[in-house]
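Notes follow the structure.
Within every chain, numbering begins at 1; the chains are lettered A, B, ... in the order of the sequence lines, protein sequences first and strands thereafter.
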Amino acid sequence: MTAQAGHEQQLIARVMLESPLPQLDRLFDYAVPAALREQARPGVRVKVPLRSAGRIARGYIVETTEAVEFSGTLSELDEVTSSVPVLTPEVWNLARRVSERAAGSASDVVRLAVPPRQVRVEKAWQLEQQSGEQPSRYSANPSVTGYGDRVIDSAIDAGRRLAVAAIPAVHEVSPGVWVGRWAVTLAEAAARTLASGRTAIVALPDYRDQQQVVQALSALVPLDLISQLDARQPNADRYRAFLRCLEDAPRVIVGNRSVVYAPAGRLGLIAVWDDADPLHTEPLSPYVSTRDVALIRQEQSGCALLFASHSRSTWLERLVELAYVTPVAPDPAVLPHVVPTADQPGAEAAAHARIPSTAWNTARRALEDGPVLVQVARPGYAPVLACQDCRTPARCRVCEGALRIGGARQTPACDLCGAIAADWHCRHCESTRIRLVTAGTARTAEELGRAFPGTRVIVSDGERPHLTVDAKPALVIATRGAEPVAAGGYRAILLLDGERMLARESLTVAEDCLRWWSNAIALAAPRAPAIIVGVGGALARALVTWSQQRFSAAELPDRRALRFPPMVRLATVTGRAETVEQAICALPDSVDGHESATIDVLGPVDAGDGLVRATIRFDYALGAEVARSLRSSIIRNSTGRTKRQTSKATGTKTSFRPPPVLRVRFDDTEILE
DNA sequence: AGCACGCCGACT
DNA sequence: GTCGGCGTGCTC
């Protein structure tokens with residue numbers, strides 16, 4: 001074929017479709033019509049015909065090529081929705097790797113990475129781009145302090161992976177603004193990255209953490225170089241911030257879990273705070289946690305990676321032992337003053353019910369000087385109910401779940417199914433009188449308020465969180481994870497519900513508790529006592545000696561022996577019995593070169609709704625194979641048979657597919673044993 | 001998802 | 001013969 005003048009070779013766009021269907025999770029080739037040639041660039045949003053004309057699917061151009069890979073007739077690209085290349089090649093590669101690892105669809109990951117388009121915001125941004133306004137220059141030479149001789153600086157400059165033990169203290173970043181010292185460390189690391197002309201991504205579990213980092217950063221770098229990307233902000237703000245990240249200039253991008261997918265041309269650092277916080281686990285398919293995404297992105301981009309926490313997760317400890325991640329500790333060391341007491345609470349007055357006298361006296365003394373933190377296990381008024389007369393726990397009559405109550409005069413309701421227990425009576429003694437067994441924040445507040453008359457009582461829980469409290473005396477009652485930062489630090493800390501927090505039945509209770517307690521203790525003023533009630537043994541020792549790393553390290557041999565995470569990986573497979581059976585049978589036995597790596601299957605067990613769930617355990621070396629196998633099972637299942645049903649009532653024929661259920665979830669940490 | 005294709009039983 | 005119900009498979 002001879003090319004005529006002006007007749008260029010055909011251009012083909014390879015398109016990722018925005019679809020939840022697993023069988024559409026691959027690239028589709030479309031011919032680019034001449035009129036769209038200019039706009040049809042990798043990363044732009046497009047509309048394309050699918051199957052028959054008239055049906056239009058949305059998607060992104062992943063790449064353009066002149067080589068035809070598809071043997072059939074190509075359809076033409078229908079429309080380029082916007083000329084902004086929102087799906088950068090780097091993010092696309094990340095999405096693909098992440099989805100492969102978790103046996104999910106790349107488009108599901110892209111949905112987390114690219115916020116919904118806001119036309120006005122985009123137009124305004126494009127205009128601003130043309131005006132060529134320059135962002136601030138950052139010309140400082142910051143350093144990460146508190147870790148000896150520039151250890152972290154050089155690791156950032158060299159693109160290494162670190163597990164940083166955070167400094168347990170609070171810090172005043174600007175007059176009257178106090179944050180956890182850890183937030184300063186992350187801000188300094190980000191500033192250091194920025195100074196080297198590269199972008200830093202800082203991922204936080206929740207908004208309160210994010211605020212602390214932003215406050216610490218504001219004291220270090222120009223505000224217009226800080227972008228916040230989190231699900232909490234309105235779509236328009238989020239999209240505006242996202243577009244800023246597409247600009248070439250380096251910046252600091254702060255946000256919650258999906259911020260690890262932010263587009264960043266010259267990525268220099270990913271910093272993750274408290275990687276074991278469950279808020280770092282994405283609740284949407286394919287359920288990948290910040291930690292795993294960060295590790296993959298680090299590997300792809302060669303940027304530095306910094307995990308920081310007060311209590312090292314067992315996952316991170318495993319990577320430290322493999323020498324994949326380098327541990328870094330504060331220098332000079334900072335040791336909080338932790339006092340364990342296994343004393344049983346004094347039985348004297350009701351107000352003392354949960355508080356031993358040592359803790360009591362400590363709190364009273366400290367209250368003369370400033371705020372005192374009381375950490376309790378549960379939010380709200382009084383969660384668990386029992387019969388007033390015979391003490392039998394109150395249970396739901398529908399499903400046997402525990403009954404809870406939201407306030408002093410409210411009707412109890414089931415914790416599991418939500419049924420309201422209006423006419424409750426005890427099964428055992430027929431009494432209709434109900435009593436509170438455990439106390440939440442509000443009840444603790446009432447008790448303590450009575451015990452310390454005239455003292456200010458501040459309650460902070462999930463519903464009414466306080467970010468900060470001032471330095472004046474106050475009793476601050478907080479649920480774990482909702483502790484405000486006190487100006488100058490708390491003068492004393494009481495960790496009350498140790499036993500109850502440890503009573504949860506989960507593989508990770510011990511490390512979860514260690515994390516909750518460590519994070520609270522880190523809010524103490526220098527040398528202020530932190531009293532932990534009702535906890536002894538290795539956990540108490542780890543807190544007193546502030547050696548959480550050693551505790552995590554000691555967990556690993558047991559986990560290895562029992563084949564528990566993080567020493568092996570898990571995947572749960574949920575679906576109808578035959579489907580799950582098939583998926584398990586299709587699993588590989590072993591992989592060449594990794595003959596010692598094994599797979600075993602627990603279950604299946606009943607999962608309700610006529611479904612079963614099996615748990616697959618496998619060594620890390622088999623991860624890719626297991627994911628590939630489960631992925632093809634998912635696709636086989638979703639392209640499967642149709643069932644039709646004739647309605648007996650009306651005789652009308654309704655055609656439907658039973659929702660093809662085969663759900664796969666990798667590395668679920670909520671697995672009970 | 002949603003739609004075409006194709007395979008067997010009942011029909012002018 | 002062929003009309004159409006219904007399972008199966010594909011989508012550039």
Between [N] atom [atom2] and [X] atom [atom1], what is the distance in whole Å?
X	N	atom1	atom2	value
L11(A)	dC12(C)	CG	P	18 Å
D25(A)	dC10(C)	CG	P	17 Å
F28(A)	dT11(C)	CZ	P	7 Å
R55(A)	dC12(C)	CZ	C1'	13 Å
I635(A)	dC10(C)	CD1	P	12 Å
R58(A)	dC12(C)	CZ	C1'	19 Å
R51(A)	dC12(C)	CZ	P	7 Å
R636(A)	dG9(C)	CZ	C1'	15 Å

(message) Do R232(A) and Y207(A) pair up side chain to side chain, a donor and an acceptor below 3.5 Å, judged on atom types alone?
(response) no

(message) Regarding E76(A) and Y30(A), do their side chains bring together a donor and an acceptor under 3.5 Å, going by distance alone?
(response) no

(message) Within the 4.0 Å heavy-atom criterion, would you say F70(A) contacts the bases, only the backbone, or no part of the nucleic acid?
(response) base

Cation over ring, [X] on [Y], under 6.0 Å and within 45°?
X	Y	answer
R569(A)	F618(A)	no
R559(A)	F564(A)	no
R161(A)	Y324(A)	yes

(request) Please answer whether the main-chain N or O of V252(A) pairs with a side-chain N or O of T199(A) as donor and acceptor at a distance below 3.5 Å. (result) no

(request) For DNA chain C, determine which residues of residues 14-24 of chain A have any heavy atom closer than 4.0 angstrom to one of its atoms, and list them numerically. (result) Q23(A), L24(A)

